[in-house]
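Every chain is numbered from 1 and lettered A, B, ... according to where its sequence line falls, protein lines coming before strand lines.
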2 protein chains.
Amino acid sequence: MPVMPKKSYHHGDLKNSLVKAGIGILAREGVSGLTLRKVARKSGVSHAAPYAHFSDKQALIAAISTEGFKRLYEAMDSAIEPYADRPLEQLIAGAWAYVQFGLNDPDHFKVTFSGVLEKEKDYPAFVEISRRTFDRVVSMVEACQRANILRGGPPEVLAVNIWGQLHGLVSLLIEGQISHKVLDKYSTKEIFVTALSQFTLVPVPTDILSI
Amino acid sequence: MPVMPKKSYHHGDLKNSLVKAGIGILAREGVSGLTLRKVARKSGVSHAAPYAHFSDKQALIAAISTEGFKRLYEAMDSAIEPYADRPLEQLIAGAWAYVQFGLNDPDHFKVTFSGVLEKEKDYPAFVEISRRTFDRVVSMVEACQRANILRGGPPEVLAVNIWGQLHGLVSLLIEGQISHKVLDKYSTKEIFVTALSQFTLVPVPTDILSI
DNA sequence: ACCTGAACACCGTTCAAGT
DNA sequence: ACCTGAACACCGTTCAAGT
């Protein structure tokens, strides 16, 4: 009995398949479950095959992180889109999209932002999407400042602060560091609205926030 | 030639030594360099010896995290001490101690707060020091509210927000996510003072912040 | 150009055995 | 009670060889 040729020797789009497989494993087994060998197995190739496309595990993680950042950028973009010329609404919707991304896929968020990728500076695609996202936030902040919705001061600093506020709360929530005493009494939404209100000079419209 | 008895068969205080060794490795080689076998080697015992004191690697990580949290608590306590009955100064000094802890030993900070420890709820000592620290912050916030230094509202929510703000900024700084365009123009100190100013109803006294 | 299979060094964990 | 040494399954990485 001759061996059946299993489809074909070449995979077709292995590089892409590896990234997708990695994201899947991340969602189901977490950061510690993400191994190169599992990713290869899931893509139906030998454990050495990934090295044809990624120089090492960090390079695959860089690709997964970059994809995470891109998804985040897209999510923020779609969330903002309905609110042309309404900077406050844009800010809130964008912020909420960031939060949702973190809470919906905490391990992808972690890989993208929490130092699993060790030398992000070595990966130009990651640096690029990071820069683009930040620039977008800065221009939203500037629009808010012009509309007297945010205080004055250097917009980059304000953008970093707002980003930091959201990032910190999402991180603490994901890691389960926020005590149940607090979470039983106040919803995630309340906590974030209170946080954003520290920055804005006008009340935060809560009707935008889905869920 | 008979074998020299190498000191003694028993280590003496292996449990403690393993935690210290782990913290050392963390500082020099980062999270990915922290292995049980290295920790054992550094303590001069076989690679199976740690299992007499810790059920698995996560249990050692829990001990390292708990020690990190204790050091943080102590650091905040000493920073606050000089400012009895001056809630604003206490808040600033405590916040700055948190930031310093993160920037001085980023990998210990990461292990303590960024999900390297996977089920912190299983480790009562960790949960306990976490609770104590948070309670301390809440009571500082309450004192600030009474002195009209912070806005009203549920103190736990405000405490979570302030903690989240600091935590987010420290995390982004550690991970190198804050662009050089910003860091070249504004110091860490400036960024944190601006951040804290969003919360306070009075100007933030910067003379407290060492460095 | 893309992939396989064997090999190597390293890791976490277990367990029978030694002191 | 505390530690060792051998063993096992798994991992990242390399490399000669196959298609």
### Query
Rounded to whole angstrom units, what separation is found between the CG atom of A:D13 and the P atom of C:dC2?
11 Å
### Query
Once the angle between the rings of B:W163 and B:F134 is folded into 0 to 90°, is it parallel (under 30°), tilted (30 to 60°) or perpendicular (over 60°)?
tilted
### Task
Just say parallel, tilted or perpendicular for the rings of A:H108 and A:F101, cut-offs at 30° and 60°.
tilted
### Task
Could you work out which one of C:dG12, D:dA7, C:dA7 sits closest to the side chain of B:H47?
D:dA7
### Task
Taking only the side-chain nitrogens and oxygens of A:H53, find out if one of them lies under 4.0 Å from OP1 or OP2 of C:dA1.
no
### Task
Figure out the CZ/P separation between A:R37 and C:dT4, and round it to whole Å.
13 Å
### Query
Using purine N1 to pyrimidine N3 plus N6-O4 or O6-N4 for Watson-Crick, or N1-O2 and O6-N3 for G-U wobble, both under 3.5 Å, which nucleotide pairs with D:dT4?
C:dA16
### Task
Would you kindly give the CG-to-P distance between A:L34 and D:dC11, to the nearest whole Å?
11 Å
### Task
Could you work out which one of D:dG12, D:dC3, C:dG12 sits closest to the side chain of B:K57?
C:dG12
### Message
From CG of B:L36 over to C1' of C:dG12, roughly how many Å is that when rounded to an integer?
### Response
7 Å
#### Entry: Separation of C:dG12 P from B:E118 CD (nearest whole Å)
13 Å
### Task
Starting at atom OH of A:Y51, determine the distance to atom P of D:dC15, rounded to an integer number of angstrom.
12 Å
### Task
Can you tell me the distance, in whole Å, between the CG atom of B:L18 and the P atom of D:dC3?
9 Å
### Task
State whether A:R41 places a side-chain N or O below 4.0 Å from either non-bridging phosphate oxygen (OP1 or OP2) of D:dC11.
yes
### Query
Between D:dG5, D:dT13, D:dC15, which nucleotide has the shortest distance from any of its atoms to the side chain of A:A48?
D:dC15
### Message
Taking the nucleotide of DNA chain C with the nearest heavy atom to each, does A:V45 or B:G33 sit closer to the 5' end?
### Response
A:V45
### Task
Indicate yes or no: does A:K185 engage B:E156 in a salt bridge with an N to O separation below 4.0 Å.
yes
### Summary
Taking a pair to mean Watson-Crick or G-U wobble geometry with both distances below 3.5 Å, D:dC11 pairs with none
### Task
Return the value, rounded to whole Å, for the distance between atom NZ of B:K15 and atom P of D:dA1.
15 Å
### Query
Within the side chain of B:Q90, is there an N or O that forms a donor-acceptor pair under 3.5 Å with the backbone of B:I80?
no
### Message
OP1 or OP2 of C:dC3 versus the side-chain N and O atoms of A:S46: is any pair under 4.0 Å?
### Response
no
### Query
Step by step, would you call B:E67 with B:R71 a salt bridge (Lys or Arg N to Asp or Glu O under 4.0 Å)?
CA-CA 6 Å; B:E67 175 61 21; B:R71 290 187 188 182; 3.0 Å; yes
